[in-house]
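The next block holds one structure in the form of C-alpha coordinates; read it before the comments.
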Amino acid sequence: MKKTRTTNKSNNKEFAVITYGFLGLFIAMCVYFAYFLTFGAEDFINNPYNARVSKFSEDVIRGDVLSSDGQVLATTQVAADGTEVRSYPYGRVVAHAVGYNSNGKAGVELDGNFNMLRSHSFALTRLVNDFTGAKDQGDSVVTTLDAGMQQAAYNAFGNYRGAVVAIEPSTGKILTLMSKPDFDPGSISANWEALNSDSDSSVLLNRATQGLYPPGSTFKILTALEYLNEGKKTSDSFDCNGTYTENGYTIHCYGNTAHGHEDLTQAFSKSCNVAFSQAGLALDLNKYHNLAENMLFNKELPTKLSNVKKSSFDLKKGADPVLVMQTAIGQGDTLVTPLHMAMIAAAIDNDGIVMEPYMIDKVVNDNGDLVRPFFGDTYGAIISSDDAKKLRKLMRAVVTDGTASALLSDDYKAYGKTGSAEYTSDKNATHSWFVGFAKKDGKEVAVAVILEGAGSGSSHAVPVARSMFDAYFSH
Ligand SMILES: [Zn+2]
(Lines give C-alpha, C1' and ligand atoms only; values in the text may rest on other atoms or scores of the structure.)
Protein backbone atom coordinates (compact mmCIF):
# COMPACT_ATOMS: atom_id res chain seq x y z
CA MET A 1 0.00 0.00 0.00
CA LYS A 2 2.76 2.32 1.00
CA LYS A 3 4.77 1.34 -2.10
CA THR A 4 1.83 1.95 -4.44
CA ARG A 5 1.39 5.41 -3.02
CA THR A 6 5.07 6.18 -3.67
CA THR A 7 4.72 4.99 -7.30
CA ASN A 8 1.61 7.08 -7.74
CA LYS A 9 3.44 10.04 -6.32
CA SER A 10 6.35 9.64 -8.74
CA ASN A 11 3.94 9.10 -11.65
CA ASN A 12 2.13 12.27 -10.64
CA LYS A 13 5.45 14.10 -10.52
CA GLU A 14 6.42 12.91 -14.03
CA PHE A 15 3.00 13.84 -15.27
CA ALA A 16 3.34 17.29 -13.72
CA VAL A 17 6.78 17.81 -15.30
CA ILE A 18 5.44 16.88 -18.73
CA THR A 19 2.30 18.99 -18.30
CA TYR A 20 4.19 22.06 -17.13
CA GLY A 21 6.83 21.47 -19.79
CA PHE A 22 4.21 21.53 -22.53
CA LEU A 23 2.45 24.47 -20.91
CA GLY A 24 5.74 26.39 -20.76
CA LEU A 25 6.46 25.57 -24.40
CA PHE A 26 2.95 26.65 -25.37
CA ILE A 27 3.30 29.97 -23.52
CA ALA A 28 6.73 30.56 -25.10
CA MET A 29 5.23 29.98 -28.55
CA CYS A 30 2.33 32.32 -27.80
CA VAL A 31 4.74 35.01 -26.60
CA TYR A 32 6.93 34.59 -29.69
CA PHE A 33 3.89 34.66 -31.98
CA ALA A 34 2.55 37.81 -30.28
CA TYR A 35 6.00 39.40 -30.49
CA PHE A 36 6.31 38.48 -34.17
CA LEU A 37 2.87 39.90 -34.98
CA THR A 38 3.62 43.10 -33.08
CA PHE A 39 7.22 43.80 -34.03
CA GLY A 40 8.83 41.07 -36.11
CA ALA A 41 6.20 40.92 -38.83
CA GLU A 42 6.67 44.60 -39.57
CA ASP A 43 10.39 44.23 -40.26
CA PHE A 44 9.67 41.00 -42.10
CA ILE A 45 7.17 42.58 -44.48
CA ASN A 46 9.01 45.90 -44.74
CA ASN A 47 12.18 44.20 -45.87
CA PRO A 48 12.29 45.10 -49.59
CA TYR A 49 14.26 41.93 -50.36
CA ASN A 50 11.57 39.69 -48.96
CA ALA A 51 9.92 37.64 -51.68
CA ARG A 52 6.93 36.98 -49.40
CA VAL A 53 5.91 40.63 -49.83
CA SER A 54 4.61 39.80 -53.30
CA LYS A 55 2.38 37.22 -51.63
CA PHE A 56 0.77 39.96 -49.51
CA SER A 57 0.20 42.13 -52.56
CA GLU A 58 -1.53 39.17 -54.27
CA ASP A 59 -4.24 39.34 -51.61
CA VAL A 60 -4.36 43.05 -50.76
CA ILE A 61 -4.69 46.21 -52.87
CA ARG A 62 -1.98 48.51 -51.50
CA GLY A 63 -3.54 51.18 -49.25
CA ASP A 64 -3.31 54.95 -49.69
CA VAL A 65 -0.94 57.55 -48.28
CA LEU A 66 -2.90 60.53 -46.98
CA SER A 67 -1.98 63.99 -45.68
CA SER A 68 -3.02 64.98 -42.15
CA ASP A 69 -6.16 66.65 -43.58
CA GLY A 70 -7.11 63.66 -45.74
CA GLN A 71 -5.64 64.69 -49.11
CA VAL A 72 -4.65 61.64 -51.16
CA LEU A 73 -0.86 61.67 -51.69
CA ALA A 74 -0.58 58.13 -53.11
CA THR A 75 -3.22 55.63 -54.19
CA THR A 76 -3.56 52.43 -56.17
CA GLN A 77 -5.92 52.47 -59.14
CA VAL A 78 -7.28 49.13 -60.33
CA ALA A 79 -8.27 48.84 -63.99
CA ALA A 80 -11.14 46.63 -65.18
CA ASP A 81 -8.68 43.86 -66.10
CA GLY A 82 -7.22 43.94 -62.57
CA THR A 83 -4.05 45.82 -63.49
CA GLU A 84 -2.88 48.01 -60.61
CA VAL A 85 -1.21 51.38 -61.07
CA ARG A 86 0.24 53.39 -58.20
CA SER A 87 -0.50 57.07 -58.71
CA TYR A 88 0.57 60.21 -56.88
CA PRO A 89 -1.94 63.10 -57.16
CA TYR A 90 0.54 65.61 -55.61
CA GLY A 91 3.36 64.31 -57.83
CA ARG A 92 6.67 66.08 -57.42
CA VAL A 93 5.44 68.28 -54.54
CA VAL A 94 5.69 65.41 -52.07
CA ALA A 95 8.14 63.22 -54.02
CA HIS A 96 10.83 62.71 -51.36
CA ALA A 97 8.43 62.63 -48.39
CA VAL A 98 6.01 60.07 -49.83
CA GLY A 99 8.75 58.28 -51.76
CA TYR A 100 8.22 55.55 -54.35
CA ASN A 101 7.13 51.93 -54.57
CA SER A 102 8.91 50.49 -57.58
CA ASN A 103 12.62 49.92 -58.18
CA GLY A 104 12.92 49.68 -54.40
CA LYS A 105 11.11 51.82 -51.87
CA ALA A 106 11.67 55.14 -50.12
CA GLY A 107 9.87 57.61 -47.85
CA VAL A 108 6.44 56.70 -46.45
CA GLU A 109 6.13 54.01 -49.16
CA LEU A 110 9.02 52.30 -47.34
CA ASP A 111 8.26 53.12 -43.70
CA GLY A 112 4.52 52.40 -44.04
CA ASN A 113 4.85 49.37 -46.35
CA PHE A 114 3.70 46.85 -43.73
CA ASN A 115 0.57 48.77 -42.84
CA MET A 116 -0.55 49.35 -46.44
CA LEU A 117 -0.27 45.63 -47.23
CA ARG A 118 -2.61 44.60 -44.43
CA SER A 119 -6.37 44.95 -44.47
CA HIS A 120 -8.75 45.72 -41.64
CA SER A 121 -11.75 46.08 -43.95
CA PHE A 122 -15.19 45.07 -42.66
CA ALA A 123 -14.93 41.35 -41.76
CA LEU A 124 -17.92 40.30 -43.88
CA THR A 125 -16.45 42.08 -46.92
CA ARG A 126 -13.19 40.19 -46.45
CA LEU A 127 -15.10 36.90 -46.09
CA VAL A 128 -16.95 37.56 -49.35
CA ASN A 129 -13.63 38.48 -51.00
CA ASP A 130 -12.21 35.16 -49.82
CA PHE A 131 -15.01 33.29 -51.57
CA THR A 132 -15.00 35.34 -54.78
CA GLY A 133 -11.20 35.52 -54.97
CA ALA A 134 -11.29 39.33 -54.90
CA LYS A 135 -8.54 41.30 -53.17
CA ASP A 136 -9.05 43.10 -49.86
CA GLN A 137 -8.52 46.86 -49.70
CA GLY A 138 -5.31 47.62 -47.76
CA ASP A 139 -5.22 50.04 -44.85
CA SER A 140 -4.25 53.66 -45.41
CA VAL A 141 -1.36 55.46 -43.79
CA VAL A 142 -2.28 58.94 -42.55
CA THR A 143 0.83 61.10 -42.43
CA THR A 144 1.57 64.20 -40.38
CA LEU A 145 2.16 66.18 -43.61
CA ASP A 146 0.28 69.46 -44.06
CA ALA A 147 -0.50 69.41 -47.80
CA GLY A 148 -1.20 73.17 -47.95
CA MET A 149 2.06 74.08 -46.27
CA GLN A 150 4.02 71.61 -48.40
CA GLN A 151 2.49 73.13 -51.54
CA ALA A 152 3.30 76.66 -50.32
CA ALA A 153 6.94 75.72 -49.68
CA TYR A 154 7.16 74.06 -53.10
CA ASN A 155 5.72 77.08 -54.92
CA ALA A 156 7.95 79.58 -53.10
CA PHE A 157 11.13 77.52 -53.55
CA GLY A 158 11.53 77.99 -57.30
CA ASN A 159 13.99 75.95 -59.28
CA TYR A 160 16.81 75.88 -56.76
CA ARG A 161 18.25 72.74 -55.26
CA GLY A 162 17.89 72.40 -51.52
CA ALA A 163 15.46 71.34 -48.84
CA VAL A 164 12.71 72.39 -46.47
CA VAL A 165 11.61 70.83 -43.19
CA ALA A 166 8.79 71.93 -40.85
CA ILE A 167 8.16 70.33 -37.45
CA GLU A 168 5.48 70.84 -34.80
CA PRO A 169 7.77 71.46 -31.78
CA SER A 170 5.47 70.06 -29.05
CA THR A 171 4.91 66.71 -30.81
CA GLY A 172 7.66 66.12 -33.39
CA LYS A 173 5.11 65.83 -36.21
CA ILE A 174 6.77 66.58 -39.56
CA LEU A 175 4.44 69.00 -41.36
CA THR A 176 6.60 69.61 -44.43
CA LEU A 177 9.50 67.68 -45.88
CA MET A 178 10.70 68.70 -49.31
CA SER A 179 13.88 68.16 -51.28
CA LYS A 180 14.84 69.48 -54.70
CA PRO A 181 15.61 68.50 -57.38
CA ASP A 182 12.61 66.22 -57.29
CA PHE A 183 11.16 63.46 -59.48
CA ASP A 184 7.77 62.20 -60.60
CA PRO A 185 7.13 59.21 -58.30
CA GLY A 186 4.52 57.83 -60.73
CA SER A 187 6.99 57.37 -63.57
CA ILE A 188 10.03 56.34 -61.60
CA SER A 189 10.31 52.93 -63.30
CA ALA A 190 10.34 54.45 -66.77
CA ASN A 191 12.94 57.05 -65.77
CA TRP A 192 15.00 54.89 -63.42
CA GLU A 193 18.15 54.78 -65.54
CA ALA A 194 18.20 58.52 -66.18
CA LEU A 195 17.54 59.30 -62.50
CA ASN A 196 20.43 57.14 -61.38
CA SER A 197 22.93 58.21 -64.00
CA ASP A 198 22.42 61.85 -63.00
CA SER A 199 25.22 61.93 -60.44
CA ASP A 200 25.56 65.72 -60.61
CA SER A 201 22.23 66.69 -59.07
CA SER A 202 21.58 63.36 -57.31
CA VAL A 203 17.83 63.67 -57.78
CA LEU A 204 16.96 60.70 -55.56
CA LEU A 205 18.95 62.04 -52.60
CA ASN A 206 16.61 63.33 -49.90
CA ARG A 207 18.49 66.51 -49.03
CA ALA A 208 16.23 67.21 -46.04
CA THR A 209 17.51 64.15 -44.18
CA GLN A 210 20.70 63.25 -46.07
CA GLY A 211 22.06 66.57 -47.36
CA LEU A 212 25.11 67.67 -45.34
CA TYR A 213 25.65 71.43 -45.57
CA PRO A 214 27.85 74.06 -43.91
CA PRO A 215 25.43 75.77 -41.49
CA GLY A 216 26.73 79.30 -42.18
CA SER A 217 25.45 81.94 -39.81
CA THR A 218 22.63 79.73 -38.49
CA PHE A 219 25.43 78.20 -36.40
CA LYS A 220 25.74 81.51 -34.54
CA ILE A 221 22.84 80.12 -32.47
CA LEU A 222 25.30 77.67 -30.88
CA THR A 223 28.21 80.14 -30.75
CA ALA A 224 26.05 82.78 -29.02
CA LEU A 225 24.72 80.28 -26.50
CA GLU A 226 28.21 79.01 -25.59
CA TYR A 227 29.46 82.61 -25.32
CA LEU A 228 26.64 83.49 -22.88
CA ASN A 229 27.04 80.23 -20.95
CA GLU A 230 30.67 81.11 -20.28
CA GLY A 231 29.55 84.11 -18.25
CA LYS A 232 29.66 86.71 -21.04
CA LYS A 233 26.84 89.21 -21.61
CA THR A 234 24.53 90.19 -24.45
CA SER A 235 25.61 93.78 -23.64
CA ASP A 236 29.28 93.02 -24.52
CA SER A 237 30.34 95.37 -27.30
CA PHE A 238 32.11 94.79 -30.63
CA ASP A 239 33.33 97.06 -33.41
CA CYS A 240 32.98 96.02 -37.03
CA ASN A 241 34.42 97.74 -40.08
CA GLY A 242 33.42 94.89 -42.40
CA THR A 243 36.51 92.71 -42.06
CA TYR A 244 38.67 91.23 -39.31
CA THR A 245 42.15 89.80 -39.74
CA GLU A 246 43.78 87.39 -37.31
CA ASN A 247 46.73 85.01 -37.89
CA GLY A 248 46.94 86.21 -41.49
CA TYR A 249 43.33 85.23 -42.26
CA THR A 250 40.58 87.75 -42.98
CA ILE A 251 36.94 87.26 -42.03
CA HIS A 252 34.40 89.25 -44.06
CA CYS A 253 30.91 90.33 -43.12
CA TYR A 254 28.38 89.52 -45.86
CA GLY A 255 28.98 92.02 -48.69
CA ASN A 256 31.79 93.56 -46.53
CA THR A 257 29.11 95.53 -44.65
CA ALA A 258 30.56 97.53 -41.72
CA HIS A 259 28.22 96.98 -38.75
CA GLY A 260 29.99 99.58 -36.56
CA HIS A 261 29.65 99.63 -32.79
CA GLU A 262 27.26 96.92 -31.62
CA ASP A 263 26.38 94.62 -28.71
CA LEU A 264 25.99 90.82 -28.98
CA THR A 265 22.23 91.00 -29.68
CA GLN A 266 22.80 93.46 -32.54
CA ALA A 267 25.72 91.39 -33.86
CA PHE A 268 23.39 88.35 -33.85
CA SER A 269 20.43 90.11 -35.45
CA LYS A 270 22.57 91.69 -38.22
CA SER A 271 24.64 88.48 -38.48
CA CYS A 272 28.02 90.16 -38.01
CA ASN A 273 30.86 87.75 -38.82
CA VAL A 274 33.52 90.05 -37.33
CA ALA A 275 31.87 90.06 -33.89
CA PHE A 276 31.18 86.32 -33.95
CA SER A 277 34.67 85.29 -35.06
CA GLN A 278 35.98 87.33 -32.10
CA ALA A 279 33.41 85.74 -29.79
CA GLY A 280 34.54 82.33 -31.05
CA LEU A 281 38.18 83.04 -30.18
CA ALA A 282 37.11 83.75 -26.58
CA LEU A 283 35.44 80.34 -26.10
CA ASP A 284 36.57 77.28 -24.16
CA LEU A 285 36.68 74.95 -27.16
CA ASN A 286 36.05 71.76 -25.20
CA LYS A 287 32.89 73.26 -23.70
CA TYR A 288 31.88 74.48 -27.17
CA HIS A 289 32.39 70.92 -28.44
CA ASN A 290 30.25 69.51 -25.60
CA LEU A 291 27.50 72.00 -26.33
CA ALA A 292 27.47 70.96 -30.00
CA GLU A 293 27.31 67.26 -29.07
CA ASN A 294 24.52 67.89 -26.55
CA MET A 295 22.70 69.54 -29.45
CA LEU A 296 23.02 66.27 -31.41
CA PHE A 297 26.12 66.94 -33.56
CA ASN A 298 28.19 63.75 -34.12
CA LYS A 299 25.12 61.70 -33.09
CA GLU A 300 22.41 59.64 -34.76
CA LEU A 301 19.36 61.90 -34.79
CA PRO A 302 16.51 60.52 -32.67
CA THR A 303 13.77 59.98 -35.27
CA LYS A 304 11.62 57.21 -36.76
CA LEU A 305 12.59 58.25 -40.31
CA SER A 306 14.84 55.88 -42.28
CA ASN A 307 18.25 56.77 -43.75
CA VAL A 308 19.04 59.97 -41.84
CA LYS A 309 22.62 61.32 -41.96
CA LYS A 310 24.63 62.43 -38.92
CA SER A 311 25.78 66.07 -38.60
CA SER A 312 29.40 66.68 -37.66
CA PHE A 313 31.34 69.14 -35.49
CA ASP A 314 35.09 68.56 -35.07
CA LEU A 315 36.49 71.64 -33.32
CA LYS A 316 38.44 70.86 -30.11
CA LYS A 317 40.90 72.51 -27.72
CA GLY A 318 44.17 73.38 -29.46
CA ALA A 319 42.55 74.01 -32.86
CA ASP A 320 44.07 76.56 -35.26
CA PRO A 321 42.62 80.06 -34.47
CA VAL A 322 41.68 80.46 -38.14
CA LEU A 323 39.55 77.32 -37.94
CA VAL A 324 38.05 78.60 -34.68
CA MET A 325 37.00 81.88 -36.33
CA GLN A 326 35.55 80.02 -39.33
CA THR A 327 33.69 77.53 -37.15
CA ALA A 328 32.17 80.26 -34.95
CA ILE A 329 30.43 81.72 -38.03
CA GLY A 330 29.33 78.30 -39.35
CA GLN A 331 32.09 77.73 -41.89
CA GLY A 332 35.09 75.45 -41.23
CA ASP A 333 34.43 71.71 -41.13
CA THR A 334 30.95 71.72 -39.54
CA LEU A 335 28.23 69.97 -41.56
CA VAL A 336 24.54 69.71 -40.77
CA THR A 337 21.31 68.30 -42.22
CA PRO A 338 18.23 70.53 -42.67
CA LEU A 339 16.25 68.07 -40.47
CA HIS A 340 18.76 68.60 -37.65
CA MET A 341 18.54 72.40 -37.88
CA ALA A 342 14.72 72.19 -37.80
CA MET A 343 14.98 70.02 -34.66
CA ILE A 344 17.25 72.62 -33.01
CA ALA A 345 14.77 75.40 -33.84
CA ALA A 346 11.90 73.25 -32.53
CA ALA A 347 13.78 72.57 -29.28
CA ILE A 348 14.45 76.29 -28.72
CA ASP A 349 10.72 76.93 -29.12
CA ASN A 350 9.87 73.92 -26.91
CA ASP A 351 11.91 75.03 -23.83
CA GLY A 352 14.89 72.89 -24.86
CA ILE A 353 13.03 69.58 -25.26
CA VAL A 354 13.41 67.59 -28.49
CA MET A 355 10.43 65.52 -29.62
CA GLU A 356 11.50 62.77 -32.05
CA PRO A 357 10.39 63.76 -35.57
CA TYR A 358 7.94 61.37 -37.24
CA MET A 359 5.79 61.32 -40.35
CA ILE A 360 3.31 58.42 -39.94
CA ASP A 361 0.51 59.58 -37.64
CA LYS A 362 -1.92 56.66 -37.81
CA VAL A 363 -3.21 53.73 -39.80
CA VAL A 364 -6.90 53.61 -40.77
CA ASN A 365 -8.97 51.02 -42.66
CA ASP A 366 -10.80 51.70 -45.93
CA ASN A 367 -13.74 53.06 -43.93
CA GLY A 368 -11.50 55.57 -42.14
CA ASP A 369 -11.71 53.71 -38.80
CA LEU A 370 -8.59 53.81 -36.63
CA VAL A 371 -6.43 50.67 -36.80
CA ARG A 372 -3.29 51.91 -35.04
CA PRO A 373 -2.14 55.32 -33.78
CA PHE A 374 1.48 56.48 -33.56
CA PHE A 375 2.88 59.08 -31.17
CA GLY A 376 6.02 61.18 -30.96
CA ASP A 377 8.53 60.08 -28.35
CA THR A 378 10.28 62.56 -26.10
CA TYR A 379 14.03 62.47 -26.64
CA GLY A 380 14.74 64.93 -23.83
CA ALA A 381 16.39 68.31 -23.27
CA ILE A 382 19.30 69.30 -25.53
CA ILE A 383 19.58 72.71 -23.83
CA SER A 384 18.11 74.04 -20.58
CA SER A 385 14.84 75.94 -20.54
CA ASP A 386 16.85 79.04 -19.52
CA ASP A 387 19.12 78.64 -22.55
CA ALA A 388 16.07 78.29 -24.79
CA LYS A 389 14.72 81.55 -23.36
CA LYS A 390 18.02 83.40 -24.05
CA LEU A 391 18.04 82.13 -27.63
CA ARG A 392 14.39 83.06 -28.23
CA LYS A 393 15.28 86.62 -27.25
CA LEU A 394 18.18 86.74 -29.73
CA MET A 395 16.15 85.05 -32.48
CA ARG A 396 13.25 87.45 -32.01
CA ALA A 397 15.66 90.38 -32.51
CA VAL A 398 16.60 88.93 -35.91
CA VAL A 399 12.95 89.43 -36.96
CA THR A 400 12.25 92.76 -35.21
CA ASP A 401 15.59 94.38 -35.96
CA GLY A 402 17.70 92.25 -38.29
CA THR A 403 18.11 90.07 -41.36
CA ALA A 404 14.67 88.37 -41.13
CA SER A 405 12.53 91.50 -40.82
CA ALA A 406 10.43 90.20 -43.74
CA LEU A 407 8.89 87.79 -41.20
CA LEU A 408 7.26 90.58 -39.18
CA SER A 409 3.55 89.79 -39.23
CA ASP A 410 0.37 90.72 -37.41
CA ASP A 411 -0.82 87.13 -37.77
CA TYR A 412 1.94 85.38 -35.79
CA LYS A 413 5.18 86.00 -33.89
CA ALA A 414 8.28 84.74 -35.72
CA TYR A 415 11.83 84.01 -34.48
CA GLY A 416 14.89 82.83 -36.36
CA LYS A 417 18.39 83.10 -37.75
CA THR A 418 19.45 83.59 -41.35
CA GLY A 419 22.59 82.20 -42.90
CA SER A 420 24.64 82.66 -46.06
CA ALA A 421 26.94 79.67 -46.09
CA GLU A 422 30.02 79.72 -48.31
CA TYR A 423 30.68 76.39 -49.96
CA THR A 424 33.47 77.28 -52.41
CA SER A 425 36.36 79.74 -52.27
CA ASP A 426 34.12 82.17 -54.18
CA LYS A 427 32.72 84.40 -51.39
CA ASN A 428 29.77 85.38 -53.59
CA ALA A 429 28.56 81.78 -53.94
CA THR A 430 26.52 81.07 -50.82
CA HIS A 431 23.74 78.74 -49.72
CA SER A 432 20.76 80.65 -48.43
CA TRP A 433 19.58 79.45 -44.98
CA PHE A 434 16.78 80.25 -42.58
CA VAL A 435 16.14 78.40 -39.32
CA GLY A 436 13.39 79.47 -36.93
CA PHE A 437 9.84 79.16 -35.68
CA ALA A 438 6.59 81.06 -35.34
CA LYS A 439 3.69 80.92 -32.91
CA LYS A 440 0.17 82.15 -32.35
CA ASP A 441 -2.44 81.17 -29.73
CA GLY A 442 -0.71 77.92 -28.79
CA LYS A 443 -0.10 76.90 -32.43
CA GLU A 444 3.62 76.60 -33.17
CA VAL A 445 5.80 75.51 -36.05
CA ALA A 446 9.58 75.30 -36.56
CA VAL A 447 11.27 75.33 -39.97
CA ALA A 448 14.63 74.92 -41.67
CA VAL A 449 15.06 76.16 -45.24
CA ILE A 450 18.13 75.94 -47.46
CA LEU A 451 18.48 76.94 -51.12
CA GLU A 452 21.79 75.88 -52.63
CA GLY A 453 23.85 78.67 -54.17
CA ALA A 454 20.92 81.11 -54.02
CA GLY A 455 22.65 83.96 -52.15
CA SER A 456 21.90 85.46 -48.74
CA GLY A 457 19.46 84.00 -46.23
CA SER A 458 17.29 87.10 -46.19
CA SER A 459 16.95 87.26 -49.97
CA HIS A 460 15.79 83.68 -50.60
CA ALA A 461 15.29 81.44 -47.56
CA VAL A 462 13.31 83.99 -45.52
CA PRO A 463 10.61 84.44 -48.23
CA VAL A 464 10.18 80.63 -48.40
CA ALA A 465 9.81 80.51 -44.59
CA ARG A 466 7.32 83.38 -44.80
CA SER A 467 5.13 81.50 -47.28
CA MET A 468 5.20 78.43 -45.02
CA PHE A 469 4.28 80.38 -41.87
CA ASP A 470 1.50 82.19 -43.79
CA ALA A 471 0.11 78.86 -45.04
CA TYR A 472 0.34 77.22 -41.59
CA PHE A 473 -1.40 80.01 -39.69
CA SER A 474 -4.07 80.51 -42.36
CA HIS A 475 -5.92 77.40 -41.15
ZN1 LIG B 1 30.06 92.96 -39.16
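Note that ligands are numbered from 1 as they come in the structure, with each ligand's atoms numbered from 1 the same way. What you are looking at is a predicted structure, and each value in this text was computed from that prediction instead of being measured.
- Between R466 and D470 a salt bridge is recorded (basic side-chain N to carboxylate O distance below 4.0 Å).
- For H431, the ring-ring contact (aromatic ring centres under 6.0 Å, His included) test picks out Y213, Y423, with sequence neighbours left out.
- The environment of CG in N159 is sparse: at most 12 heavy-atom neighbours from other residues, nucleotides or ligands sit within 6.0 Å.
- At a threshold of 4.0 Å, the pair D146-K173 does not count as salt-bridged, since none of the basic side-chain nitrogens sits closer than that to a carboxylate oxygen.
- Under 2.8 Å from the Zn ion (ligand 1), one finds the following protein N/O/S atoms: C240 SG, C253 SG, H259 ND1, C272 SG.
- In summary, of the residues considered (D351, D387, D386), a salt bridge (charged side-chain N to carboxylate O under 4.0 Å, His left out) with R392 occurs for D351 alone.
- Residues R62 and N113 form a side-chain contact, since some pair of their non-hydrogen atoms from C-beta on lies under 4.5 Å apart.
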